[in-house]
Amino acid sequence: MGAPNISESEWSVMEVLWESAPRTASDVARALKEPTGWAENTVRTLLSRLVEKGALEISDEAGSPKLYSPAVKREACVKAESESFLERIFQGAAKPLLVHFAKNARLTPDEVKELKKLLDQSIDKNQN
């Protein structure tokens with residue numbers, strides 16, 4: 001199964017659980033209360049949606065309280081989001097994306113060196 005399509009609000013819930021899991025709904029709600037202002041019922045709704053989408057699993061359904069854990073890795077969701085963004089905004093073409101970020105991002109010299117290295121590795125990989 002690929003990474004599920006998750007909303008921005010669901011992403012916030014996932015971040016809490018990728019950081020530390022398993023956690024109860026109350027634990028997740030407490031972690032999100034200050035940055036979002038969400039009520040516990042809102043968090044419970046988001047948790048239920050994420051379980052339905054296959055992004056979360058409940059460790060022990062019979063146990064009380066339920067414990068939630070990620071069923072997908074963060075990297076898989078980042079990859080899926082990146083591919084979706086690239087397709088929606090740049091019609092799947094990487095070059096315009098890279099040009100846009102190169103012109104508009106505030107990159108440090110070390111970040112530029114790292115990007116050059118990655119691009120060089122990509123050239124080497126494609127030539128072999």
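Keep in mind that what you see is a predicted model, and the values were worked out from it rather than measured. Atoms considered below: every heavy atom in the structure, side chains included; atoms not considered: hydrogens, waters and symmetry mates.
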### Message
Once salt bridge (charged side-chain N to carboxylate O under 4.0 Å, His left out) is applied, what residue pairs with a partner in residues 25-39 remain, sequence neighbours excluded?
### Response
D27-R30
### Message
I'd like to check the side chain to side chain contact (heavy atoms under 4.5 Å, CB included) partners of T36; sequence neighbours left out, ordered by chain and number.
### Response
L32, W38
### Task
Considering non-hydrogen atoms only, spot the tightest contact between P70 and E57 and give its length.
O-OE2, 4.1 Å
### Check: Y68 and L17 side chains under 4.5 Å, non-hydrogen atoms
yes
### Query
From R49 CZ over to I6 CD1, what is the distance, rounded to the nearest 0.5 angstrom?
12.5 Å
### Query
Quick one: side chain to side chain contact (heavy atoms under 4.5 Å, CB included) partners of N41, sequence neighbours excluded?
R44
### Query
Excluding sequence neighbours, so at least two apart, what forms salt bridge (Lys or Arg N to Asp or Glu O under 4.0 Å) with E111?
none
#### Entry: side chain to side chain contact (heavy atoms under 4.5 Å, CB included) against E83, all qualifying residues, sequence neighbours excluded
K79
#### Entry: Any residue meeting side chain to side chain donor-acceptor pair (under 3.5 Å) with W18, in chain and number order, not counting sequence neighbours
none
### Task
Kindly give the cluster partners of I89, where membership spreads through any ILVMFWY side chain lying under 4.5 Å from a current member.
F85, L86, F90, L97, F101
### Task
Mind listing the closest non-hydrogen atom pair of V72 and G54 along with its distance?
CG1-O, 4.1 Å
### Task
Give a yes or no on whether the backbone of N5 and the side-chain of K53 come within a donor-acceptor separation of less than 3.5 Å.
yes
### Task
Mind listing the closest non-hydrogen atom pair of V43 and A25 along with its distance?
CG1-O, 4.2 Å
## Note on the structure
Between the CG atom in D124 and the CG atom in L119, the distance rounded to the nearest 0.5 Å is 11.0 Å
#### Entry: A55 to M14 - nearest heavy-atom pair and separation
O-CE, 3.6 Å
### Message
Can you list everything that forms a side chain to side chain contact (heavy atoms under 4.5 Å, CB included) with S82? Sequence neighbours excluded, please.
### Response
V78
### Summary
Rounded to the nearest 0.5 Å, the CG atom of L56 sits from the CZ atom of R23 at a distance of 12.5 Å
### Task
Could you note down all residue pairs passing side-chain hydrogen bond (donor to acceptor under 3.5 Å, both in side chains) where residues 84-96 supplies at least one of them, sequence neighbours left out?
S84-R88
#### Entry: Reported CG-to-NZ distance for the pair D120 and K116, which is rounded to 0.5 angstrom
9.0 Å
### Task
Can you sort out the partners of T45 under side chain to side chain donor-acceptor pair (under 3.5 Å), two or more places apart, ordered by chain and number?
none
### Message
Under the rule for salt bridge (Lys or Arg N to Asp or Glu O under 4.0 Å), what residues qualify as partners of E15, not counting sequence neighbours?
### Response
R74
### Message
So, using side chain to side chain donor-acceptor pair (under 3.5 Å) as the criterion, who are the partners of S20 when residues are at least two apart?
### Response
none
### Message
Using side-chain heavy atoms (C-beta onward) and a distance below 4.5 Å, is L67 in contact with T24?
### Response
yes
